[in-house]
Every structure is written in structure tokens, then in C-alpha cells.
Visitor: 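One structure is given below, represented as C-alpha cells, and several questions about it will come after.
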There are 2 protein chains.
Amino acid sequence: MTSVSTEPRETDGPTPATAPTGGSAAQRERRRRILDATITLAAEGGFDAVQMRAVAEQAEVALGTLYRYFPSKIHLLVSALAREFTKDVDRSAIRATPGDTAHERIMYVLNRRTRALQKQPKLTEALVRAFMFADQSVTGEIHEVGTSLTTVISRAMHGTPDHGEVTEEEAAIIRIISDVWLSALISWVTGRMDAEDVEKSIDVAVRLLLR
Amino acid sequence: MTSVSTEPRETDGPTPATAPTGGSAAQRERRRRILDATITLAAEGGFDAVQMRAVAEQAEVALGTLYRYFPSKIHLLVSALAREFTKDVDRSAIRATPGDTAHERIMYVLNRRTRALQKQPKLTEALVRAFMFADQSVTGEIHEVGTSLTTVISRAMHGTPDHGEVTEEEAAIIRIISDVWLSALISWVTGRMDAEDVEKSIDVAVRLLLR
DNA sequence: GACTGATGTAGAACGTGTTACAAGTCTAGA
DNA sequence: TCTAGACTTGTAACACGTTCTACATCAGTC
């Protein structure tokens with residue numbers, strides 16, 4: 001973490017496979033291997049265990065290649081988080097969320113994801129801390145995560161996979177719920193809240209906001 | 001940041017002056033110099049500029065001494081943040097917050113602090129990112145910051161310096177407002193929101209929560 | 001097939017957070 | 001005053017994120 005620069009990073013021309021799509025099949029494959037290795041290492045030992053040399057070795061790419069794909073450890077971890085979140089978005093697109101009220105549906109979605117995260121505390125610690133530590137240069141990946149979260153909550157709010165129009169107020173509420181959820185996760189990751197507190201704090205926020 | 005361990009840190013007996021009070025006069029003086037140096041360096045160059053060797057040099061203590069007082073860079077920065085926040089608490093204890101409604105008073109307090117932070121973007125970047133990156137071992141310092149924030153908002157809510165009883169619901173609201181504020185600050189620090197967005201997002205949250 | 005530029009590899013090197021250590025200094029109590 | 005122990009200093013060493021360099025490989029073009 002010696003120099004996670006605050007300045008925007010220079011792109012040395014078209015980076016080969018920073019985007020999930022594009023690049024040759026071999027490149028998409030390498031990207032996948034790198035993210036898989038990241039998740040594996042993070043799940044085993046958390047943020048500190050995701051060492052760039054170890055990721056490169058496990059993904060069977062050279063260190064330089066790893067850096068060509070992901071310009072920093074933070075980019076790497078946030079990209080991994082983005083990939084995980086994409087799964088929720090995909091799922092929420094397929095079928096309607098169970099629950100009779102917006103409150104129930106939102107809690108259902110967030111609790112499902114929360115519990116999944118809590119099953120892998122080390123992984124969560126790595127991903128959440130990277131997300132929180134990210135600086136300006138990671139704006140793109142961060143935004144991707146934010147969009148996924150917003151989409152999922154928005155769908156849960158309306159109960160249907162199609163987005164529908166989201167009012168200004170709804171958008172504000174969704175943003176606040178996201179903030180509370182992330183804060184709670186951070187608190188949980190760092191041992192300041194237990195699993196139950198997390199669900200409770202989100203529940204209270206949702207209740208206060210949707211009344 | 002090579003090894004911000006997730007494990008709780010061993011205390012090698014009574015640390016000399018980790019607490020703001022206690023220790024000899026010379027020790028309190030050293031602690032003050034260290035935190036002053038931290039703030040100065042952070043204000044000039046942000047998180048990356050707060051280099052432990054530089055802090056030690058500017059504070060005129062040995063590197064080992066710096067680490068004896070603050071066991072990591074994160075502890076150092078979060079302690080600096082805690083000291084800054086204490087000032088707000090002290091101020092809020094002296095006089096009533098201006099404003100006719102809880103909404104106005106809370107916005108007054110938070111906006112005042114927000115603008116103060118925005119005047120020193122580098123410093124804010126350093127402090128906020130350290131706060132967000134903090135792990136379990138920093139629980140004490142983090143809690144100190146959280147308590148200050150809660151106290152200030154709570155006083156603003158009621159309009160008087162005396163705490164009064166805070167209901168369960170009020171406490172929940174205060175926590176949510178804190179979460180939103182911190183999230184907004186992070187977004188601002190990393191360039192994902194501008195100054196106006198920060199105030200607006202807090203305003204919306206306060207309005208939704210206090211209605 | 002040979003050339004060329006982009007991509008990948010292996011490994012050294014650098015910077016900064018952190019730890020370790022030997023020696024000096026200060027303080028409390030005999 | 002003297003001594004034991006805690007504290008401080010100065011400096012070296014180590015770990016890991018990041019950068020750099022020299023060379024190999026591969027895809028597309030002639």
C-alpha cells in the first residue's frame with residue numbers, strides 16, 4: 001500500500017483487459033484466473049493475504065502481467081467485489097424478490113447478501129476494506145459496485161425485475177440504505193458489530209426511511 | 001501498509017502515552033508534537049505524505065518512539081482525527097446550537113464541520129481514509145470518534161448542551177445520519193461527489209429521518 | 001517464412017510501513 | 001549518590017506494494 005496515489009493514473013494506451021469483456025479469449029481467461037486467485041486468497045487470509053506476488057503465482061501469470069490487468073491491489077480487490085455483486089444483479093433480474101412489502105423485499109435481498117458475506121468473513125474483510133480505502137483512481141470500479149447495489153435494492157423495492165422509473169426520493173432512500181449497509185458491514189468486519197446488529201441496523205434504517 | 005494486521009495487537013505492558021492524558025509532562029508533550037506533525041504533513045500531502053519517518057523527524061522523536069506511542073500509521077491518523085473531533089464536542093458543550101428545528105440545528109453542525117474539512121482536502125483525505133481502513137486493533141480510537149460524533153449530533157438534535165435522555169429511535173437516527181455523513185465524506189474525498197452533493201445528501205437523509 | 005509491435009515472463013530494484021537491536025538517558029527509590 | 005528499570009535514540013533489517021528491465025512469445029502483415 002506504499003503508494004496508492006491520489007492522482008488519477010495514467011493509462012498507458014488501451015489497457016489489455018481491464019474491462020471484463022473485450023480482449024482475446026486468452027486475456028479473458030487470464031483475467032478470470034487472476035480474480036479467482038484473488039477471491040481464493042482473500043477467503044483464506046483476508047486483506048493481508050492477498051499479496052500481489054501470491055496472486056500472480058496462483059493465477060500463473062507474471063507479476064508484471066498482473067499489474068497490467070489491475071494497476072493496484074485495490075483495483076484488483078474492488079474488481080473482484082464488482083464481479084461478485086454482478087451475480088446478485090443477474091439473479092435479481094431473473095425472478096421477482098419474495099416479500100409482500102418493500103421493506104420485506106429489501107430486507108430479504110440485503111440479508112441474503114449479508115449472510116453470504118458473513119459466511120466468509122476473511123473474504124468480506126478484504127473486499128470491504130479495499131472498497132473503503134479506494135481512492136480516485138478506482139472511481140470506475142467503485143461506480144460499478146454502486147450501480148449493482150442500487151439496481152438490486154431498487155428492484156427489491158418495487159418487487160419486480162424491471163427497473164421502472166425511480167423517483168428522486170426513492171433514489172435518495174436507496175443511497176441512504178446503501179450507506180447504512182456498507183457502514184454496518186465495515187463495523188462488522190472490524191468487530192464493532194455482530195451479525196445480528198448488522199441486520200438490525202439495516203432494518204431500522206429501512207423502516208425509518210420507508211414509513 | 002504492509003501489515004495492518006487483523007488480529008488484536010499485543011500490548012507490551014502499559015503503553016506510555018497512548019491515552020491523551022496520563023504519562024509525564026514530557027510524554028504528553030511528545031504525544032502532542034507527534035499529532036501536530038501528523039496533521040501538518042497530512043494537510044500538505046494527504047495520506048501518502050504522512051510517512052512514519054517524516055512524522056518522527058518533524059516531531060523530533062525517534063521512529064521507535066513514534067511506534068511506542070502509536071502502534072501503526074492508522075492508529076496515528078485516527079487518533080489525530082479523534083483529537084480534532086474533540087474540539088467540536090467541546091464547542092457544542094459550551095453554547096446552544098443555532099437553529100429553530102432539529103433539522104436546522106443538525107445541518108448547522110454538520111455543515112460547519114463539513115466545510116471545515118473541505119477547506120483542507122488533503123488533511124481530510126488522510127483522516128477519512130485512515131478511519132475507513134482501520135481494522136479491529138483500532139477499535140478504541142474509532143469508538144472515540146463515533147462517540148464524539150454522536151454527542152455532537154445528539155446535542156444539535158435537542159438544541160441544548162445537556163445530553164438529556166436519548167430514545168432508542170433517536171439513537172438509531174443519529175447513527176444513520178453519521179453513516180450517511182461519513183459515506184458522503186468518503187465520496188467527496190475520492191472525487192465521486194462535490195461539496196454541494198455532500199450537503200445535499202445529508203440534508204435529504206436528515207429530512208427523511210426526522211419527518 | 002520473416003518482420004514488427006503488443007503482450008507476457010522472470011526477476012531485480014525501490015519505497016515505505018514495521019520490527020529489531022544496541023546503546024544512551026532519565027526517573028524513582030534505596 | 002547510586003542503581004534498576006523504563007524510556008528514548010539511531011540505525012539496520014525485513015516485508016510487501018509497486019516499478020523497471022531485458023528477454024521471450026504470439027498475432028497479424030508483407
Side-chain angles (χ1 to χ4, degrees), chain A residues 1-5 7 9-18 22-31 33-34 38 41 45-57 59-77 126 129-130 133-135 137-138, chain B residues 1-5 7 9-18 22-31 33-34 38 41 45-57 59-77 126 129-130 133-135 137-138:
Chain A
M1 197 75 39
T2 37
S3 73
V4 174
S5 164
E7 306 307 323
R9 164 166 276 271
E10 308 238 345
T11 65
D12 44 349
T15 317
T18 289
S24 68
Q27 284 173 335
R28 283 197 304 280
E29 169 64 15
R30 267 192 210 94
R31 186 188 149 91
R33 285 208 312 275
I34 291 172
T38 303
L41 288 168
F47 187 88
D48 289 348
V50 181
Q51 301 186 358
M52 300 305 269
R53 291 172 179 84
V55 172
E57 185 178 359
E60 299 185 283
V61 298
L63 190 55
T65 304
L66 172 53
Y67 273 95
R68 178 185 281 270
Y69 281 68
F70 300 96
S72 78
K73 174 169 172 172
I74 299 293
H75 282 83
L76 175 59
L77 282 164
R129 287 184 60 208
F133 194 66
D135 66 16
S137 71
V138 200
Chain B
M1 198 73 43
T2 38
S3 72
V4 174
S5 164
E7 306 307 323
R9 167 165 273 271
E10 309 238 345
T11 65
D12 44 349
T15 317
T18 289
S24 68
Q27 283 172 336
R28 282 197 304 281
E29 169 64 14
R30 269 193 209 95
R31 186 186 149 92
R33 284 208 312 274
I34 291 171
T38 302
L41 288 168
F47 187 89
D48 289 348
V50 181
Q51 301 186 357
M52 300 305 270
R53 290 171 179 84
V55 171
E57 185 177 1
E60 297 184 286
V61 299
L63 189 55
T65 305
L66 172 53
Y67 272 95
R68 176 182 279 271
Y69 280 67
F70 301 95
S72 79
K73 173 169 172 172
I74 299 293
H75 282 83
L76 175 59
L77 282 164
R129 286 183 63 209
F133 194 65
D135 67 16
S137 70
V138 199

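In what follows, chains carry the letters A, B, and so on, assigned in the order in which the sequence lines appear, proteins first and then strands, with residues in each chain numbered from 1. These numbers come from a predicted model, not from an experiment.
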Visitor: From CZ of Arg53(B) over to P of dT9(D), roughly how many Å is that when rounded to an integer?
Guide: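 Value for this atom pair: 16 Å.
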Visitor: Considering heavy-atom distances to DNA chain C, does Leu63(B) or Leu63(A) have its closest nucleotide positioned more toward the 5' end?
Guide: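 Per heavy-atom nearest nucleotide, the more 5' residue is Leu63(A).
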Visitor: Could you check how far CZ of Phe70(B) sits from P of dT8(D), rounded to whole Å?
Guide: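 So the CZ-P distance, Phe70(B) to dT8(D), works out to 12 Å.
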Visitor: Minimum heavy-atom separation for Leu66(B) and Ala56(B), please, with both atom names.
Guide: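 It is CD2-N, 3.9 Å.
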Visitor: Would you mind reading off the distance between Arg31(A) atom CZ and dT7(C) atom P, rounded to a whole angstrom?
Guide: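 My rounded result for the distance is 15 Å.
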Visitor: Measure from OH on Tyr69(A) to P on dT7(C) and round the result to the nearest Å.
Guide: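 Taking OH of Tyr69(A) and P of dT7(C), I get 9 Å after rounding.
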Visitor: Rounded off to whole Å, could you give me the CZ-to-C1' distance for the Phe47(A) and dC16(D) pair?
Guide: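 Spelled out: CZ on Phe47(A) to C1' on dC16(D) is 11 Å.
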Visitor: Which of the following nucleotides, dT9(C), dT9(D), dT18(C), is nearest to the side chain of Ala62(B)?
Guide: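 For Ala62(B), the side-chain atoms sit closest to dT9(D).
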Visitor: Compare the minimum distances between each of dG8(C), dT18(C), dT9(D) and the side chain of Arg30(A), then state the nucleotide with the smallest one.
Guide: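 Nearest to the side-chain atoms of Arg30(A), counting from C-beta on, is dG8(C).
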Visitor: Which of these nucleotides, dT9(D), dT9(C), dT18(C), is closest to any side-chain atom of Val61(B)?
Guide: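 Nearest listed nucleotide: dT9(D).
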Visitor: Whole Å only: how far is the CE atom of Met52(A) from the C1' atom of dA15(D)?
Guide: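 Taking CE of Met52(A) and C1' of dA15(D), I get 15 Å after rounding.
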Visitor: Between Gly64(A) and Glu60(B), who's closer to the 5' end of DNA chain D by nearest nucleotide?
Guide: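 The answer here is Glu60(B).
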Visitor: Return the minimal non-hydrogen interatomic distance between Phe70(B) and His75(B), and the atom names on each side.
Guide: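 The answer is CD2-O, 4.3 Å.
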Visitor: Looking only at heavy atoms, which two atoms of Val55(A) and Val50(A) are closest? And how far apart?
Guide: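 That closest heavy-atom pairing would be CG2-CG1, 3.8 Å.
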Visitor: Looking at every strand, decide which applies to Val50(A) at a 4.0 Å heavy-atom threshold: base, sugar-phosphate, or nothing.
Guide: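 Result for Val50(A) = sugar-phosphate.
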Visitor: Name the closest nucleotide to the Arg68(A) side chain, picking from dT9(C), dT7(C), dT8(D).
Guide: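 Selected nucleotide: dT7(C).
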Visitor: Hey, does the side chain of Gln27(A) come within less than 4.0 Å of dG8(C)'s phosphate (OP1/OP2), counting only N and O?
Guide: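 For dG8(C), OP1 or OP2 has a side-chain N or O of Gln27(A) closer than 4.0 Å.
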Visitor: Can you give me the closest heavy-atom contact between Ala49(A) and Leu41(A), atom names plus distance?
Guide: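 It is CB-O, 3.8 Å.
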Visitor: Describe the nucleic acid contact of Glu57(B) in one word from base, sugar-phosphate, nothing, applying a heavy-atom distance below 4.0 Å.
Guide: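 Nothing, no nucleic acid heavy atom in range.
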Visitor: Roughly, in whole Å, what's the span from CG in Leu76(A) to C1' in dT18(D)?
Guide: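 Between C1' of dT18(D) and CG of Leu76(A): 14 Å.
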Visitor: Which class fits the ring pair Phe133(B) and Phe133(A): parallel under 30°, tilted 30 to 60°, perpendicular over 60°?
Guide: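 Correct class here is tilted.
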Visitor: Between atom NZ in Lys73(A) and atom P in dC16(D), what is the gap in whole Å?
Guide: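 Spelled out: NZ on Lys73(A) to P on dC16(D) is 9 Å.
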